[in-house]
Every structure is written in C-alpha cells, then in structure tokens.
Amino acid sequence: MSEYKRSHNCGDLNAKDDGQEVCLMGWVDTRRDHGGLIFVDLRDRYGLTQIVFNPNQDSLHVAKDLRSEYVVAIKGQVRKRPDAMVNKKMQTGEIEVEASECKILSAAKTPPFQLDDDNVTEALRLKYRYLDLRRPKMQKNLQVRHLLTNHIRQFLNTQDFLEIETPILYKSTPEGARDYLVPSRVHPGSFYALPQSPQTLKQLLMISGYDKYYQIARCFRDEDLRAERQPEFTQLDLEMSFVDIEEVKELNQRLVSYLWKELRGQDVGTIPTITYDEAMNRYGNDKPDLRFGMELQDITDMMKSSSFKVFSDVANREGGAIKGLICPNASDFSRGKIDKLMNVVKKGGAKGLVWLKWEKDKISSPVSKFFDDASIKDIITKMGGKEGDIAFIVADDWGITCASMAALRLHLGEELNLIDTSKDAFTWVTDFPLFDYDPNEKRWIAMHHPFTAVKEEFLEDMLNDREENFPNLRAKAYDLVCNGYEIAGGSIRIHQNEVQAAMFRALRISEEEAKQRFGFFLEALHYGTPPHGGIAWGLDRVAMILCDTDAIRDVIAFPKTAKAYDAMSESPAPVDRAQLLELGITTLKSQTNKT
RNA sequence: GGGGUGGUAGUUAAGUUGGUUAUAACGCUGCCCUGUCACGGCAGAGGCCGCGGGUUCGAGUCCCGUCCACCCCGCCA
C-alpha cells in the first residue's frame, strides 16, 4: 500500500477534476451502506465530498467498518456524477470520489450528540466543545471572527496605526469591575490583576509618542455573565493622539463602513449621532435599537393637573416622569397579553402599567374613571396614536420610567416583528453625563472612567469643584451602538494634570490613594502628554452581529457558562496545598480543605 | 444576591385528575439491500425520570430543599 498524502480538501473538487487521482482526509460525516455499495460523506472544514466504495474494490471491506467521526484517508479517482445523481445542495455535488484505498487514521467513539442536531442543550455542547466546534455553524462563526480581526488589522495598518501588545499581568485599575487577581510567588502577599482593559497602558503609549495604537486585547472582568457578556472577552482597543471627538468618530465610521461592506455586503451610510439625553428620552436607554420606531412619548407636563393622583403626583414631583408609547393596531390586545406586559415593565422597576385602548366606538382603560373618553382620545392623539391603537404608560422616577419603557419597547418590537433584520442600524450616542451619583457611597462616580475629559463649556465647573453643577456636566464620551448593542465606547482623555487632579477631587479619591493606585500614570501626565482619545470595541459583540447570533458563546471557541465555569476543562478547580504554600496564600482556606 | 424557564433512554422531546411493563423520533448494535445523499427494510439493546428529603397504600407527576444549564434584574467605569 502506497503512502497517503492529502492532495485536496473536501471542498475542493468539482467537475473539472474528473478523472484525477486524489487523496482526501477527513471525518466520516455520514455512511450510507447499500450492501454492495457504500457511500461516505467525508468532512473537513472546507466542505463535504461524497466517497463511493464499489464492490470490486478491496476498500469496501474497510468502508464496512467506518462509523461517524472516524478519521480516514482515502485514495481514488474523481468521477463526474451522471446528471440524474448530481446533488445541487452540495458544493462538490457534481462529482464523487471512487475509493480505491481507504485507511482508518483514527477510530471514534459514538459522539454524545449528533453533530447535525441544532437543538442540543448548551451544557452538553460546552462539555464536548471540541465536538461542537466541528459543526459547520461553529466553524463558520469562527471563520467570520477570523475575517473580522483580519480586516480590522488590514484597515488600521493602512491608517498608520501600530499594533502593540500590553501586559496581561498588570495592576488593578481604578473604579472598575471586580478584578481577577493573580498571586505573586516572588512577592508573597502581593497580586497582579488581569487587565479589565488596557486603558492606562494605551494612554501611556500616547505619552510615549506612538501616536496611533491598536490592539486586539483580551480583557477580564469578574462580574456576572449575560448572553452578551463573558468574564474574559476581546476588545479592539485603539487610541489616537492630537485628536478630538470628530477625528475618532470619523476613523471609526470608515472602519465600520469597510468592515460591513467586506463582511456583510452592507452600505452602512453615515452613522447618525444622538445625545445621551435624546436617546434616553426617545428610547429609554443609551443603546437604542434603531431598527424600528415606536419611540417613547413624554406626557409628564400633560398630567400635572390630572385627577388621576398617581399621574399628577409623579408629574409634579422632582425627578418624576411619565412616558408612554403607542402600539399601533393593537387595540385588540387581550387582557392576558397585557398582563404579561406588566411583567416586562417590572423588569425596569415600574410598579404598574397603564393602558389606554381606542377601539372602534369604544374606549377602555383601567383608569377610565379618571379620564373621560374624549381626554383618552386626546392623550392617544397627542402621543401620535389613532383609533385602533393602544397606548402604554408608565409613571415613576425618570430612571425607572425610562428603563421600564425601554424594556417594553424592545419586547413589543420583537413580539410584533417590527424589527427590520435586513439591515443593521448604527448610531453614535454622545454627550454622556460625566458623573453619576452613588447614593450608597454618597459620592460622585465617573460614568465612563476617571480619565474621561469633560466638554470645554463645563471645564470651569470642574476645576472649581462646583459640585452643584455636577449633574449637568457632560463628558467627551461616545458609544457606538448597533442593533441595540453597545459595540464600542470611548472618550477623549484628560491630558492636563490639573484637570486630572480635579477629577480625583470630584470622585473623592485622595491624593494618597490616587498615588498608590496609579501614581505612575499621574506622574507620566507631567512629562508632556498630547491631547488624545480613543475607543474600545467589544469585538465579540461585533462578531455576534456578523454571525447573526444573540449568544456571545457562539463566537468564542471555548467560552464559560453563566457561572463562569469551563464545563470542558472543569475549571476553576482546587489546587494542591503545596501550590498555595509556594504562593504564600495559605492563610486563605484552601478549597482542598473545605469540608 | 434576586426573579423566570428548564432538567425523563446517547440526543431531542411526549407523559392526562398521582395508579399495570414510562412513550416517540433520531442516534446506537445486528442482519438484508448496487445509486444514495434526511438512503431504505427487518430485528434488537438502551431509563437511580438531575440529586436529597417529605406527603401517600402508591410519585416522572404533589410539597420542601439542593445542584446544573439558559434568560432577565442587580452588577458590568
């Protein structure tokens, strides 16, 4: 028997290869045994090729033993299939390979799930991830992800950006998420932190004069997971010197346009910009899904003198807001359906949901004793509705009203199929508040991060510590939103140390604490810092959109479960006491000692 | 930390008001089959009904607890 050397992959061959002697290697996808004749679909990441084993060939005996997922090498001749037997669904369906020789390179146990079954529970897929990753869908997703990073690099490399790596073993970053810590053996009792983002490092690179930097950076945050959140994830991190907001947006607009044209075949056009306040008031959140309308309507002022006390109280109270939306042609919503919507708004914190139905010749509402038919029609009309519509209204503190109505809007958008999935909808969201008040700690915290520059018109307020104006301060921060996902966020950074000092005063971070936590960075600001700014993309979320999936796990080769557990390697796991001793952390109770 | 949904052959699911031997499809095993590509036919094996406790003459089914997976809130600058 002669040597096997792969000549083609399983997606290569077509009619013009008719007659060629080839050698293919791959996995047995399916075997169809006709007694005297056996068909095997051989699979690799390039495709499927039908192998036919004829009774006059010795290889038929080997083919009898083949089972799903066996790895085999076959030699044979490419044969054009007769017209009636062409399989138009297959890339290689014009041909088949008549096997003269077949060698089992590796047998396989019966897989714990069928690779062609798209309904397998995720727990099982994650435990046997290496099998899950054989499925064409996952292979396609990871290929798209590869193309994404590849195109990002291609684009940025032509724009004078340098790709620079920054450390994974680093120092705890300020005011952020919970850190993952790594104990130091050489410095007992001291810890590295895995970076939540390369934020300070990329700013230092600007101070070092690298001008334009990017990195496809792994980031770590020890917080609870979500469908679009993993404890370790990837950012496209980039930073530019001597720029203001417009330059950063312009560069990213071109990057998005390039990526979407190449990878999605879409012309994204000019990405619109809305302010944070506008986003909140029109959509209830700062990452609006603009693939459908159904904008929120504010009726706070209209309700100030209402006889419905719930409304008038909220309308007249400091920080109260009454918002609603019109659900068109939905006046036939059943009571049960509306009750379910109650649960939706409760997610946002609302205590109740008021609805006004304008059916033909009939007005109905749970609050109809406070509003006569004419005024209900008036409210619906002023909200942009008409006969046949239903209006949903929430009255609460502004934040709760926004969050509740945002949840309701998204729910209705999905349920009523209002979302146009044929085209992705981007928007910039800008003018974020600089500060957010933390009522628990009774202090201001940075909404973005403490290196974010304030807009010029508010600089005086900051430098003079005018705390009463803090709620009005707006940052030079911007998010890029696509289909309701925040896919990128960034800001222009503080490059003057007196401004940075004012920021720390505002955040009640003492000089001593600031020095201890990131003194190196503050000192660097004194050595000639260019104005700079940048952005960080959630690369996984972009990949999700490009792969048309709503689970981040589908675009990560080896993801973790909702409990941050790796079901395949069974990690995290206890370690030997000896390892802990060496790291000087035996004062912590070892899990191996746990009862 | 809180809420929701789910956990039944290898897989995906059905399982009524608690009541004989817990079903089906796919997969798996064996036999048959020379043109299939969701191959077909015949036969067969395969179940601590997530785990622990309780109610009951009797629990997959009811109750309590617990674990796991997914989704949401909190959290994620």
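Throughout, protein chains are lettered first and strands after them, A, B, ... in sequence-line order, and every chain is numbered starting at 1.
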Q: Going by purine N1 to pyrimidine N3 plus the second Watson-Crick contact, or the G-U wobble pair, all under 3.5 Å, which nucleotide sits opposite B:U36?
A: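 When the pairing criteria are applied, nothing turns out to pair with B:U36, so the answer is none.
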Q: Under 3.5 Å, is there any donor-acceptor pair linking the side chain of A:Arg81 to the base of B:C37?
A: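 Check passes, donor-acceptor contact within cut-off.
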Q: Rounded to the nearest Å, what distance is computed from the CZ atom of residue A:Phe233 to the C1' atom of nucleotide B:C75?
A: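 Interatomic distance, CZ of A:Phe233 to C1' of B:C75: 14 Å.
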Q: Does A:Thr110 make a side-chain N or O approach to OP1 or OP2 of B:G10 shorter than 4.0 Å?
A: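 No, A:Thr110 has no side-chain N/O under 4.0 Å of OP1/OP2 on B:G10.
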Q: Look at all strands and tell whether A:Pro55 reaches a base, only sugar-phosphate, or nothing, counting heavy atoms closer than 4.0 Å.
A: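 It contacts base atoms.
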Q: Could you verify whether a donor N or O on one side chain and an acceptor N or O on the other, from A:Tyr170 and A:Thr200, lie under 3.5 Å apart?
A: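 The criterion, which ignores hydrogens and geometry beyond distance, is satisfied for A:Thr200 and A:Tyr170.
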Q: Provide, to the nearest angstrom, the distance between the CG atom belonging to A:Leu225 and the P atom belonging to B:G1.
A: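 Checked: the CG to P distance equals 14 Å.
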Q: Heavy atoms under 4.0 Å, any strand shown: does A:Thr30 hit a base, just sugar-phosphate, or nothing?
A: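 Nothing, no heavy atom under 4.0 Å.
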Q: For A:Met85, which contact category applies under a 4.0 Å heavy-atom criterion: base, sugar-phosphate, or nothing?
A: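 Base, at least one base atom sits under 4.0 Å.
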Q: Can a side chain N or O of A:Thr121 be found less than 4.0 Å away from OP1 or OP2 on B:G6?
A: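 It does not, given that no N or O in the side chain of A:Thr121 lies less than 4.0 Å from OP1 or OP2 of B:G6.
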Q: For B:U8 and B:G40, measure between their P atoms and round to the nearest Å.
A: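 To the nearest whole Å, 27 Å.
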Q: Salt bridge (charged side-chain N to carboxylate O under 4.0 Å, His left out) with A:Glu69: which of A:Arg43, A:Lys109, A:Arg31?
A: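 Answer to the salt bridge (charged side-chain N to carboxylate O under 4.0 Å, His left out) test with A:Glu69 among A:Arg43, A:Lys109, A:Arg31: A:Arg43.
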Q: Write down the distance between CZ (A:Arg553) and P (B:C70), rounded to a whole number of angstrom.
A: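 Going from A:Arg553 (CZ) to B:C70 (P), I get 5 Å.
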Q: Would you state whether a donor and an acceptor, one from the side chain of A:Glu96 and one from the base of B:G35, lie under 3.5 Å apart?
A: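 Such a pair exists between side chain and base.
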Q: Can you identify which nucleotide, out of B:U12, B:C76, B:C70, has its nearest atom closest to the A:Ala177 side chain?
A: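 Closest nucleotide among those given: B:C76.
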Q: Would you check, one step at a time, whether the test side chain to side chain donor-acceptor pair (under 3.5 Å) holds for A:Trp537 with A:Gln235?
A: CA-CA 5 Å; A:Trp537 287 41; A:Gln235 283 185 348; over 6 Å; no
Q: Heavy atoms from C-beta onward define the side chain here; which of B:U29, B:C72, B:A38 lies closest to that of A:Lys89?
A: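 Among the listed nucleotides, the one closest to the side chain of A:Lys89 is B:A38.
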Q: Between B:C76, B:C28, B:G10, which nucleotide gets closest to the side-chain atoms of A:Glu223?
A: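 Among B:C76, B:C28, B:G10, the one nearest the side chain of A:Glu223 is B:C76.
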Q: Taking only N and O in the side chain of A:Lys347, is any of them less than 4.0 Å away from OP1 or OP2 of B:G4?
A: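 For A:Lys347, the contact criterion (side-chain N or O under 4.0 Å from OP1 or OP2 of B:G4) is not met.
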Q: With a 3.5 Å cut-off and heavy atoms only, can you find an N or O donor on one side and an acceptor on the other between the side chain of A:Asn343 and the base of B:G4?
A: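 Answer no: no donor N or O sits under 3.5 Å from an acceptor.
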Q: Specify the separation, in whole Å, of atom CG of A:Asn87 and atom C1' of B:A38.
A: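 To the nearest whole Å, that distance equals 11 Å.
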Q: Taking only the side-chain nitrogens and oxygens of A:Arg229, find out if one of them lies under 4.0 Å from OP1 or OP2 of B:C75.
A: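 Indeed not, no polar side-chain atom of A:Arg229 lies that close.
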Q: Looking only at atom P, what distance separates B:G30 and B:A22, rounded to whole Å?
A: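 About 27 Å, rounded to a whole number of Å.
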Q: Any side-chain N or O of A:Arg32 less than 4.0 Å from the OP1 or OP2 oxygen of B:U36?
A: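 False: A:Arg32 side-chain N/O out of range (4.0 Å or more) of B:U36 OP1/OP2.
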Q: Under 5.5 Å between ring centres and under 30° between planes: true for A:His34 and the base of B:U36?
A: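 So no, this residue does not stack on that base, at least one cut-off failing.
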Q: Counting any heavy atom closer than 4.0 Å, what does A:Arg79 reach on the DNA or RNA strands: base, sugar-phosphate only, or nothing?
A: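 Base contact.
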Q: Does any donor atom in the side chain of A:Asp237 or A:Tyr213 lie under 3.5 Å from an acceptor atom in the other side chain?
A: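 A:Asp237 vs A:Tyr213: donor-acceptor pair found between side chains.
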Q: Can you figure out which of B:G35, B:A69, B:U11 approaches the side chain of A:Leu37 most closely?
A: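 Closest of the options to the side chain of A:Leu37: B:G35.
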Q: Report yes or no: do A:Thr275 and A:Asp431 form a side-chain donor-acceptor pair below 3.5 Å?
A: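 A:Thr275 vs A:Asp431: no donor-acceptor pair found between side chains.
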Q: When the P atoms of B:U55 and B:C64 are considered, how many whole Å apart are they?
A: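 The answer is 15 Å between these two P atoms.
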Q: Roughly how many Å apart are B:G18 and B:C75, using the P atom of each and rounding to a whole number?
A: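 Pairwise P distance, B:C75 against B:G18, rounds to 44 Å.
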Q: Any side-chain N or O of A:Lys563 below 4.0 angstrom from OP1/OP2 of B:C68?
A: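 Indeed, a polar side-chain atom of A:Lys563 lies that close.
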Q: With C1' as the reference atom in both, quote the distance from B:A13 to B:G27 in angstrom, rounded to an integer.
A: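 Nearest-Å result for B:A13 against B:G27 at atom C1': 14 Å.
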Q: Looking only at atom C1', what distance separates B:C26 and B:A45, rounded to whole Å?
A: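 Taking atom C1' in both B:C26 and B:A45, they lie 16 Å apart.
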Q: Rounded to whole Å, how long is the line connecting atom NZ of A:Lys340 with atom P of B:G4?
A: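 Going from A:Lys340 (NZ) to B:G4 (P), I get 16 Å.
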Q: Tell me which pairs pass salt bridge (Lys or Arg N to Asp or Glu O under 4.0 Å) where either residue lies in residues 473-491 of chain A, with sequence neighbours left out.
A: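 As it turns out, the salt bridge (Lys or Arg N to Asp or Glu O under 4.0 Å) pairs with a partner in residues 473-491 of chain A, which skip direct neighbours, are A:Asp244-A:Lys476, A:Asp277-A:Arg474, A:Glu456-A:Lys476.
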Q: Base, sugar-phosphate alone, or nothing: which one does A:Asp33 contact when heavy atoms must sit under 4.0 Å apart?
A: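 A:Asp33: base contact, heavy atoms under 4.0 Å.
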Q: Decide whether A:Gln196 and A:Asp179 meet the rule of one side-chain donor and one side-chain acceptor closer than 3.5 Å.
A: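 Yes, side-chain donor-acceptor contact under 3.5 Å.
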Q: In whole Å, what separates the P atom of B:C28 from that of B:U66?
A: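 Nearest-Å result for B:C28 against B:U66 at atom P: 41 Å.
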Q: Taking the six-membered ring of A:Phe292 (Phe, Tyr or Trp), confirm whether the NZ or CZ of A:Arg409 is under 6.0 Å from its centre and within 45° of its axis.
A: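 Yes - A:Arg409 lies over the ring of A:Phe292, closer than 6.0 Å to its centre and within 45° of its axis.
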Q: Quiz question: going by heavy-atom distance under 3.5 Å, is there a donor-acceptor pair between the base of B:C70 and the side chain of A:Arg226?
A: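 Side chain to base: no pair present.
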Q: Out of B:A69, B:C76, B:C37, which nucleotide sits closest to the side chain of A:Asp41?
A: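 So the side chain of A:Asp41 is nearest to B:C37.
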Q: If I take atom CE in residue A:Met342 and atom C1' in nucleotide B:G4, what distance separates them, rounded to the nearest angstrom?
A: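 So the two atoms are 16 Å apart, to the nearest Å.
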Q: Measure the distance between the ring centre of A:Phe39 and the centre of the six-membered base ring of B:U36, then answer whether it is under 5.5 Å with planes under 30°.
A: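 Given the distance and angle limits, yes, they stack.
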Q: Rounding to an integer number of Å, can you tell me how far A:Asn285 CG sits from B:C72 C1'?
A: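 One finds 15 Å between C1' of B:C72 and CG of A:Asn285, rounded.
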Q: Quote, to the nearest angstrom, the C1' distance that separates B:C63 from B:U20.
A: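 Comparing C1' positions in B:C63 and B:U20 gives a spacing of 26 Å.
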Q: Calculate the interatomic distance between A:Leu124 atom CG and B:C26 atom P; express it in whole Å.
A: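 After rounding, the reported distance stands at 20 Å.
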Q: On the side chain of A:Gln50, is there an atom forming a donor-acceptor pair with the base of B:U36 - under 3.5 Å, no angle test?
A: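 When only heavy-atom distances are counted, A:Gln50 does reach the base of B:U36 through a donor-acceptor pair under 3.5 Å.
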Q: Can you tell me the base-pairing partner of B:U11? Count Watson-Crick or G-U wobble geometry only, both distances below 3.5 Å, and say none if there is no partner.
A: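 Paired with B:U11, as far as the under-3.5 Å criterion goes, is B:A25.
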Q: If you look at every strand shown and take non-hydrogen atoms under 4.0 Å, does A:Asp117 touch a base, only sugar-phosphate, or nothing?
A: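 Sugar-phosphate contact only - A:Asp117 comes under 4.0 Å of backbone atoms but never of a base.
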Q: I'd like to know if the side chain of A:Gln496 pairs up with that of A:Gln500 as donor and acceptor (distance under 3.5 Å, no hydrogens or angles considered).
A: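 No, no side-chain donor-acceptor pair sits under 3.5 Å.
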Q: If you find the nucleotide of RNA chain B closest to A:Asn56 and the one closest to A:Ala84, which residue's nucleotide is nearer the 5' end?
A: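 It is A:Asn56 whose nearest nucleotide is closer to the 5' end.
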